[in-house]
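A, B, ... follow the sequence lines: proteins, then strands. Residue 1 opens every chain.
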Number of protein chains: 2
Amino acid sequence: MTGPSITIKDVAALAGVSPATASRVLSGNPATSAESRQRVAAAVAQLDFHPNAQARALRSTKTNVIGLLLSDVRNPFFADLAHAAEQAALAEGLVTLLGNANESIPQQDRYLETFISQRVDGVIAAPQGEGSSSLHALLERGIPTVFVDRTVNGIDVPSVTTDSDSGIRQAVEHLARLGHERVGYIAGPQTTSTGRDRLKSFSRAARDFGLSSDPALTYFGDFQSASGSAGAHHLLGLAQPPTALLAADSPMAVGALATLNRKGLRIGRDIALIAFDDIEWFSLLDPPLTVISHDVEAMGRAAVGLLLEVIDGRKPESVVLPSELIVRASSGTPDPSLGQP
Amino acid sequence: MTGPSITIKDVAALAGVSPATASRVLSGNPATSAESRQRVAAAVAQLDFHPNAQARALRSTKTNVIGLLLSDVRNPFFADLAHAAEQAALAEGLVTLLGNANESIPQQDRYLETFISQRVDGVIAAPQGEGSSSLHALLERGIPTVFVDRTVNGIDVPSVTTDSDSGIRQAVEHLARLGHERVGYIAGPQTTSTGRDRLKSFSRAARDFGLSSDPALTYFGDFQSASGSAGAHHLLGLAQPPTALLAADSPMAVGALATLNRKGLRIGRDIALIAFDDIEWFSLLDPPLTVISHDVEAMGRAAVGLLLEVIDGRKPESVVLPSELIVRASSGTPDPSLGQP
DNA sequence: CTGAAAGCGCTTACAG
DNA sequence: CTGAAAGCGCTTACAG
């Protein structure tokens with residue numbers, strides 16, 4: 001469309017210096033004279049020069065690009081995480097290549113391969129499944145990598161995760177105090193560390209607080225809303241249905257909510273509902289939803305911080321962020337008919 | 001960390017061919033023998049070779065990367081759009097570099113500069129404001145660009161937009177039929193084409209259906225939720241407050257909802273509420289929200305389709321997608337006290 | 001502080 | 001169908 005794009009040679013020629021000097025000025029190398037700096041700056045402005053990032057990366061083996069691999073951008077938790085990480089990266093001069101695995105391992109592999117080919121400076125990943133081949137390829141090449149939200153067994157990279165246990169324990173205690181004995185749990189996929197950890201925490205807390213440990217009360221979803229609907233449907237159809245539901249992420253909670261509404265159950269009265277992940281509008285529902293909340297902003301920032309340390313060759317400690325129960329009306333008020341004093 | 005990364009020379013050596021032949025095999029050039037193809041493929045597999053995308057791009061002036069510039073990833077509309085566009089691009093072998101302008105022009109400029117330096121093959125943008133300098137730089141370089149959702153006056157690039165007018169007209173007619181005369185409108189920023197178009201449509205429809213044209217009934221928000229809260233607060237504080245509210249996007253509708261709930265107003269009875277943009281959980285609220293819906297999936301796919309045509313040197317026609325009203329309980333039922341037969 | 005030269009890892013006419 | 005050679009646009013020792 002336009003002519004051949006302008007290069008550092010054009011800038012150098014216009015400034016009356018060598019390409020080497022122009023390059024030094026552009027990269028902020030202190031070994032330049034004030035005069036050169038001024039002349040090069042003027043030439044850059046006049047020509048509207050944008051250095052070719054490919055050529056720069058090829059020579060310097062730095063791209064200033066990081067890869068961010070997420071499970072599902074449409075999940076508000078990950079959208080917030082993407083926003084937080086991307087803003088934190090931008091503040092460090094890094095741009096973010098976003099890969100959306102769509103909760104699919106082949107698609108995760110595809111993006112990881114792309115990250116390798118693009119020679120990203122580092123990768124922040126919320127990984128699926130157990131070490132896919134591409135994840136191993138990434139690490140074998142020594143590409144700085146950190147995990148966020150999720151981890152993978154047997155892969156030792158720094159991570160930022162949520163301590164789901166505290167929040168889940170609070171939620172179970174809360175339900176037990178309200179007199180619930182049969183609590184249905186809509187679990188995440190057991191191929192993710194968060195899916196496994198949260199189920200473990202729930203089971204342990206259920207036992208500790210004297211809730212039923214009937215295995216039929218656990219339904220295995222996939223962190224997407226349709227499985228939340230199906231889970232609620234299934235659990236309510238049990239011979240002995242639960243009096244409360246806990247969903248392991250927000251899309252599944254939304255799905256469960258839809259099912260409860262469709263069945264005409266009054267949430268907070270006929271049945272209690274608690275969601276893992278706080279979302280702005282959960283507090284706007286009628287009744288507002290009781291949630292287990294954690295700090296997504298902090299998670300995104302911490303992930304970028306860890307990645308920068310790994311890029312610098314350090315071996316930072318993993319970060320674990322807290323979770324906590326926020327009680328709202330969806331978990332109901334004490335109901336004497338449930339046998340509570 | 002690991003040794004020097006392996007290159008096409010290593011592959012060629014192991015396969016017993018020249019780098020040129022290896023390159024031809026890798027790029028699918030038909031001028032290769034079956035034997036070469038087989039030997040190179042084996043070497044690639046054995047060495048786990050990933051071609052350096054920087055070097056390839058430098059030489060071939062194709063990066064297979066597109067830039068996607070959005071206003072705000074946390075807005076569910078844009079999250080869905082990002083998902084749709086990214087999946088469509090991936091199906092065409094293109095990876096997506098995501099830039100989140102965060103409804104800020106300087107940040108938009110920063111990402112556009114990055115896209116230029118990264119020599120992306122094309123850009124899909126939901127632009128802010130009137131042609132920022134970087135937007136012009138992009139176009140002057142002849143970088144293929146399409147607009148999605150929004151356009152910029154005086155910049156003639158193909159676009160995919162929503163015909164907001166039909167949906168807004170249906171919404172206003174619906175409210176008029178229910179007997180509403182004073183409808184508060186929470187507008188988007190007038191620096192965006194969608195903000196302007198929707199306000200124009202609302203004003204015209206209000207006049208056509210005999211609603212009040214009191215300018216005090218329009219509040220100017222910024223498409224983010226806090227301004228929806230503020231807008232509802234302001235409109236309800238008028239000497240003659242509106243009996244219905246229409247918000248120009250979903251985050252502002254969420255904000256308005258929060259304000260209405262806080263004030264103890266019963267939505268669908270004390271006041272009607274309609275949102276532009278359909279979001280899964282809007283139908284799950286109590287009462288479910290009446291919305292103006294449009295097809296985000298189709299928008300993302302169409303944007304990628306247009307961009308591919310522009311990259312191919314064609315000049316495709318812009319695409320306009322329809323919008324339509326979906327009536328739910330939040331807009332209420334006819335109320336005789338409002339003077340409707 | 002500066003410039004000439006080499007080279008990052010590919011691809012692509014060119015000649016065979 | 002194949003290979004030798006040049007070159008994409010930068011950066012970086014090296015020598016001065």
Under the side chain to side chain contact (heavy atoms under 4.5 Å, CB included) criterion, do Arg141(B) and Ile116(B) qualify, and how do the steps go? CA-CA 9 Å; Arg141(B) 277 159 195 276; Ile116(B) 293 173; 3.6 Å; yes

Please list every stem that involves DNA chain C, where a stem is a run of 3 or more consecutive Watson-Crick or G-U wobble pairs with both pairing distances under 3.5 Å. C:1-3 with D:14-16, C:5-12 with D:5-12, C:14-16 with D:1-3

Determine the interatomic distance between P on dT2(C) and the same-named atom on dA6(C); round to the nearest Å.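 To the nearest whole Å, 22 Å.
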
Could you measure between the two C1' atoms, the one in dG16(C) and the one in dT12(C), and give it in whole Å? 16 Å

With sequence neighbours left out, what residues match Arg196(B) under side-chain hydrogen bond (donor to acceptor under 3.5 Å, both in side chains)? Glu130(B)

I'd like to check the side-chain hydrogen bond (donor to acceptor under 3.5 Å, both in side chains) partners of Ser60(B); sequence neighbours left out, ordered by chain and number.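 Here no residue qualifies.
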
Would a 4.5 Å heavy-atom cut-off, applied to side chains only, mark Gln107(B) and Gln87(A) as touching?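 Side-chain contact under 4.5 Å: yes.
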
Minimum-distance nucleotide (side-chain atoms of Ile8(B) versus dG3(D), dC10(D), dC10(C)):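 The answer is dC10(C).
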
Any side-chain hydrogen bond (donor to acceptor under 3.5 Å, both in side chains) pairs touching residues 47-57 of chain A, not counting sequence neighbours? Asp48(A)-His50(A), His50(A)-Glu113(B)

Identify the heavy atoms of Pro144(A) and Val310(A) that sit nearest to each other, and give their distance.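 Result for this residue pair: CB-CG1, 3.6 Å.
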
Grab the [atom1]-[atom2] distance between [X] and [N] for me, whole Å please.
X: Gln118(A); N: dG9(C); atom1: CD; atom2: C1'; result: 14 Å
X: Lys62(A); N: dT11(D); atom1: NZ; atom2: P; result: 13 Å
X: Leu58(A); N: dG7(D); atom1: CG; atom2: P; result: 17 Å
X: Arg39(B); N: dC1(D); atom1: CZ; atom2: C1'; result: 15 Å
X: Asn29(A); N: dT11(D); atom1: CG; atom2: C1'; result: 10 Å
X: Lys9(B); N: dG7(C); atom1: NZ; atom2: C1'; result: 9 Å

May I have all residue pairs that pass salt bridge (Lys or Arg N to Asp or Glu O under 4.0 Å) and include part of residues 5-27 of chain A, sequence neighbours excluded? none

Using a strict heavy-atom distance below 4.0 Å, which residues from residues 44-56 of chain B are in contact with DNA chain C?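 Correct list: Phe49(B), Pro51(B), Asn52(B), Ala55(B), Arg56(B).
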
Residues within residues 30-37 of chain B bordering DNA chain D, heavy-atom distance below 4.0 Å: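 Under 4.0 Å from DNA chain D: Pro30(B), Ala31(B), Thr32(B), Ser33(B), Ser36(B).
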
Can you sort out the partners of [X] under side chain to side chain contact (heavy atoms under 4.5 Å, CB included), two or more places apart, ordered by chain and number?
X: Asp80(B); answer: Arg74(A), Val296(B)
X: Ser36(B); answer: Val17(B), Thr21(B), Val25(B), Ser33(B)
X: Val44(B); answer: Val11(B), Leu26(B), Val40(B), Phe49(B)

For dC10(D), take OP1 and OP2 only and decide whether either is under 4.0 Å from a side-chain N or O of Ser23(A). no

Can you check whether Ser18(B) has a side-chain N or O nearer than 4.0 Å to OP1 or OP2 of dG3(D)? yes

For Phe77(B), which residues count as a ring-ring contact (aromatic ring centres under 6.0 Å, His included) partner, sequence neighbours excluded? His294(B)

I'd like to know if the side chain of Ser117(A) and the backbone of Pro51(B) have a donor-acceptor N/O pair within less than 3.5 Å.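 Indeed, once roles are kept as given, a pair shorter than 3.5 Å links the two residues.
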
Sidechain-backbone polar pair: Arg37(A) side chain, Thr32(A) backbone, donor-acceptor under 3.5 Å: yes

Short heteroatom pairs, N/O only, protein and nucleotides 13-16 of chain C, under 3.5 Å:
from, atom 1, to, atom 2, distance (Å)
dA13(C), N6, Arg24(B), NH2, 3.0

Nearest-nucleotide comparison on DNA chain D, the residue closer to the 5′ end among Arg59(A) and Ser60(B):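 The 5'-side residue here is Ser60(B).
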
Candidate list Leu306(B), Val123(B), Ile155(B), test side-chain contact (heavy atoms from CB on, under 4.5 Å), partner Phe147(B), passing option: Ile155(B)

